[in-house]
Every structure is written in structure tokens, then in C-alpha cells.
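Below is one structure, written out as C-alpha cells; comments come after it.
Below, chains carry the letters A, B, ... as their sequence lines are ordered, and counting in each starts from 1.
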There are 2 protein chains.
Amino acid sequence: MNTESRDFTPSARDRFDRMHSTIRTRICLLDYAPGTRLSEEALAAEFGVSRTPLRRVLVRLEGEGLLHSVHGVGTFVTDVEISELAQTYQLRLELAELTGKLGAVTPKEELWGEFKALSARSKALLKAPDARRFAELNMDFFIALLKLTTNEPLRDICERLYFQTTRIWLKSVFASKIDLADEVDVFDREVHDILRALEVGDLHAAALIQRAHISMSFTRMLNGAGRSAP
Amino acid sequence: MNTESRDFTPSARDRFDRMHSTIRTRICLLDYAPGTRLSEEALAAEFGVSRTPLRRVLVRLEGEGLLHSVHGVGTFVTDVEISELAQTYQLRLELAELTGKLGAVTPKEELWGEFKALSARSKALLKAPDARRFAELNMDFFIALLKLTTNEPLRDICERLYFQTTRIWLKSVFASKIDLADEVDVFDREVHDILRALEVGDLHAAALIQRAHISMSFTRMLNGAGRSAP
DNA sequence: CTGCACAATGATGTGCACAACACAACGAAG
DNA sequence: CTTCGTTGTGTTGTGCACATCATTGTGCAG
């Protein structure tokens, strides 16, 4: 998780995690939009390594459904069909609710501070909407929510599906800047409501709220796609 | 989408899938028991390729939680702690039930035939219990059940968790040969009950039966481990 | 002008040699 | 006899050169 806790151990595994996390974040935050071709050589040069260790990372990301390599053509960021996206969202709904049932734990002091900071960032974003900041905050908040369950396999799967789908949703949000303010507003309410539920200690309610917002986000995306389509 | 429709294209991707599937099956069927060290060189020689493409497969399997490579030491088949195994099983229970809710479809003619064949194999196994055959049948039956839902992400996750956990359960079953006959008997009833539910067209009931059996399997494993532990 | 064969280009995939690393066996100092 | 340093051996990780593949541009025939 926090690979930067140790000062610096240039071991193989640390480099792998660094590169993996970096590229994955870039994909999720649309630095590499769906369909973008990634240059192995350029990335290898950026990280100061050869193609070999970099390809290791790409293979892993391909296994996570974020990349797709084709011999002789290139390595591309995957795009997700609406039909498959709908299936994934349906699954995410159920998994989000499961988060509140399987190994749910009330946040500790440290996590509380994290949530407070996230809430502050949300409030700040309300007054000055920014696409990039919104994407980052959304991701950080989701990762923080994942810490509410101790069921690691469930966390891994939720995280995996998040990185798989949220970027598609973000793409549609970024497509029409008019809706960004609305999305930020809705998101702030989600943060507010979930924190409220957590304060009461009702983890199941928090999960249900999250589920509801995931569902509504997808619905808004479908509607928005229908409107802003060329 | 369906790369296996063409008769045979000895392309890179096909070789990758072949090696991946082969090694994964061996791990699940305990040909490579947890803790076993895999020789990259030997495997590469077996498949008639260099270490490079083979390592690609190993990296993928490591991402699926089946292998674990350590620099300078070796590549080992992962073992799963009881605590994590319990979490995974808890999750599998919920996912099994979801299978009956998300995109559940009644089996087609082809799938019916498959189920009939599986039932026959189960009956045959009843009269002549065999560890290896049991492991294979268990896997084939699970894969067949997965075809009852059209939700691909859910299928992928269930399959992934199956390969992750069932081998641990099988290990405990194989540890005490006395229980093998009982397990085969229980399994045959599971097949029978699920097929019965499918014939009626009640997919949710089939999923619930499966869920119950997964739960009971884990419980028996815990008890059995307590008894046969040295 | 159109259509096709073909070479040129650039991408990923592969093979091989070597570096980095962990562990074990060994031996000398205490 | 114990203990620590050292070396040997086998493993995974890395870098590089080349093979293989798909695309594209080009030139010639129609």
C-alpha cells in the first residue's frame, strides 16, 4: 500500500510496485485515456529501466483488465463496452453492500482524520470545481472507504473493479464540463451522508449510501452519454 | 473475442493461454501442492520455449495469487492462511448466491448435456472413489455452474477465488483418505440437488444449494483439520 | 484514376548472456 | 565446541539483440 514508507530500497519488488501503482493511477485519472497507446520504450526510459522489467508491469496490468497488448501493433489502454460496464456496475452495487456486512469495522482515530481531510477537500472543491482534483479525490475517498472492511479479498476485488470502471465514468463526466459542478455537488453530499452514517456507527447504512451513489452515478452516465453524444 | 474458434494458430497469445491454463490446473489439482517450488527452466523446457515467455505466465499467475516469486530464492505455489481462507470463503458464499441473481440464465441444450455427463461421472465416482478424479470433477462442475450467469465480471471473480481456495480444501481432503468417500457422497448429493433445482428452473435455489455446500465444505475442512492435525 | 503486390517501418514477442540476490556449506579463529 | 566470515551454488531479475507480426506507404500494372 504505502511503498514509500521505507526510505528507499531499490529492490526489484519495490520498483515493480512503484511502476505498477504509477501507471495504474495514470490510467484511472485519464492521463492515459482509454484507447491510448503506451510506448514501452518511453515508459522504460522514464522509469530508468529496460523494457524487460517494465513489460512485467504491463503484463500485470493486462491481467487486471486495464491494458491490452497486441503483437506488432502496440499496448493500449482498454475501453469498456457499455454492456460489460453495466454488468460490472451491477456487481459493484452488490459488493459495495457486502462491504458493510463482511468484516465491517468502525474507523479508528487515524482513519477518522483521513475522512475529515477528505471531507475538507470535498468542500474546497465545491467552491472551485476542477476535473483533475475531482478524479483524485474520488479515488482517495474510495480507497479510504475500503478500509472499513477487514475482508482483504473483498477489498482487492472492489479496488480492482473500481480501477476498471471509474475511469470510464470519469471520461463521460469530463466530456461535458457543464455537469462537473453537479457531479462535485453530488459527491460532496455522498461524502457528507456517509460520514454521518459512520459517526452514528451504522456501517451497513454507509454501505447502502455508497451503493445508492454508485447506482445513480451509472444512471447519470447513461443519460449524459445519451445527451452529449455527437 | 473467441480466440479459440480458429483451428490452431500457434501465435503468442495461444501459447500463453495454453501454458497459463495448464499450470493453473496443475496448481488447483495439487500436482503442484502449496509450497512447491517451480523451476522456470524445467517448465520452459517442457513447453518448448525460453524462460522469457514462461515468466510472463508466472507473472500473471502471481497476480492471481497462485504463485509468489522471490529474487534469488525461487517461485513457489502460495499457501493460504486459515484466517484469510475464512475471509475468502465468506466472500465466496455471497458471490455464489449472487450468481443466482445477476444475469442468471437457464441452461441451453449443450449445457444440459454437459451437466448430464457430470452427473454420470459423479455416480461413477461414487462406486470407485479416486482422489484425482474427484478433484477434476469438482473443478469441471464448478466451471459448468459458472455458465449459468452471463455476468462475466462475476464469473471471472468466482473462478479466480475458486482456484485460489479449492486447492487448500482439496489438500485437507486428500490428507485423510478416510473422508474421501464421504466427500464424494456429499458432492454427488450436491450435483443431484442442483440439477433438480435447475430442472425446475429455479436458478436462485440452485445458487443457494451451492452456497450451502461451499459453507459446509469449509466447516468440514476446519473440523477435519482439527482431527487429523499431527 | 483505381487496385493490388510488396517493401519499409515500427511495434510487441523471444532467446540468451549476465547481474543481483539468498542460502547453505565450509573453514578458520576464538 | 562454538561462532563468525567466506565462498560456492543455484535462483530470479535485467539488459540487449533479434525474430515475428501488423500496418502503412509506395510504385507498378490495369
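- Summarising the geometry, the separation between CD on B:Glu41 and C1' on C:dC16 is reported as 12 Å, rounded to the nearest angstrom.
- A salt bridge links A:Glu159 with A:Arg24: the closest approach of a Lys/Arg side-chain nitrogen to an acidic carboxylate oxygen falls below 4.0 angstrom.
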Quiz item: What does nucleotides 18-26 of chain D look like as a protein-contact string, B for base, S for sugar-phosphate only, - for none, at under 4.0 angstrom between heavy atoms?
Solution: --BBS----
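- Checking side-chain atoms of A:Ser172 against main-chain N and O of A:Met221 turns up no donor-acceptor pair under 3.5 Å.
- Contact of the B:Ile214 side chain with the B:Tyr89 side chain is registered, since non-hydrogen atoms from C-beta on lie closer than 4.5 Å.
- For the pair B:Arg56 CZ and C:dT12 C1', the computed distance is 8 Å after rounding to whole Å.
- Atom P of nucleotide C:dA24 and atom CZ of B:Arg37 are separated by 13 Å, given to the nearest angstrom.
- Straight-line distance from the CD atom of B:Glu62 to the C1' atom of D:dT12: 11 Å, rounded to whole Å.
- Ring-plane geometry between A:Phe115 and A:Phe141 is classed as perpendicular, the angle between the planes exceeding 60 degrees on a 0 to 90 degree scale with a lower cut at 30.
- Atom CZ in A:Arg15 sits roughly 10 Å away from atom C1' in C:dA20 (whole-Å rounding).
- In this model, a donor atom of one side chain and an acceptor atom of the other lie less than 3.5 Å apart for B:Arg92 and B:Thr165.
- Contact between the side-chain N/O atoms of A:Thr75 and the OP1/OP2 oxygens of C:dT12 is found at a separation under 4.0 Å.
- Secondary-structure stems of DNA chain C, taken as three or more successive Watson-Crick or G-U wobble pairs (i with j, i+1 with j-1) under a 3.5 Å distance threshold, comprise C:1-30 with D:1-30.
- Residue A:Leu58 is out of contact with every strand shown, counting any heavy-atom pair closer than 4.0 Å.
- Out of D:dG15, C:dG15, C:dT14, the shortest distance to the side chain of B:Val49 is found at C:dG15.
- Between A:Arg167 and A:Asp31 there is no salt bridge, since no side-chain nitrogen of the basic residue lies less than 4.0 Å from a carboxylate oxygen of the acidic one.
- Following rounding to the nearest Å, A:Leu54 (CG) and C:dT14 (C1') show an atom-to-atom distance of 17 Å.
- Between B:His68 atom NE2 and C:dA22 atom C1' the separation is 13 Å, expressed in whole Å.
- Salt-bridge annotation for B:Arg13 and A:Glu62: present, with a side-chain N of the basic residue lying under 4.0 Å from a carboxylate O of the acidic one.
- The pair A:Lys171-A:Asp79 counts as a salt bridge, with a side-chain nitrogen and a carboxylate oxygen less than 4.0 angstrom apart.
- Note: CG (A:Leu43) to P (C:dA11) measures 12 Å, nearest angstrom.
- Salt bridge annotation for A:Asp140-A:Arg121: present, with a cationic side-chain nitrogen under 4.0 angstrom from a carboxylate oxygen.
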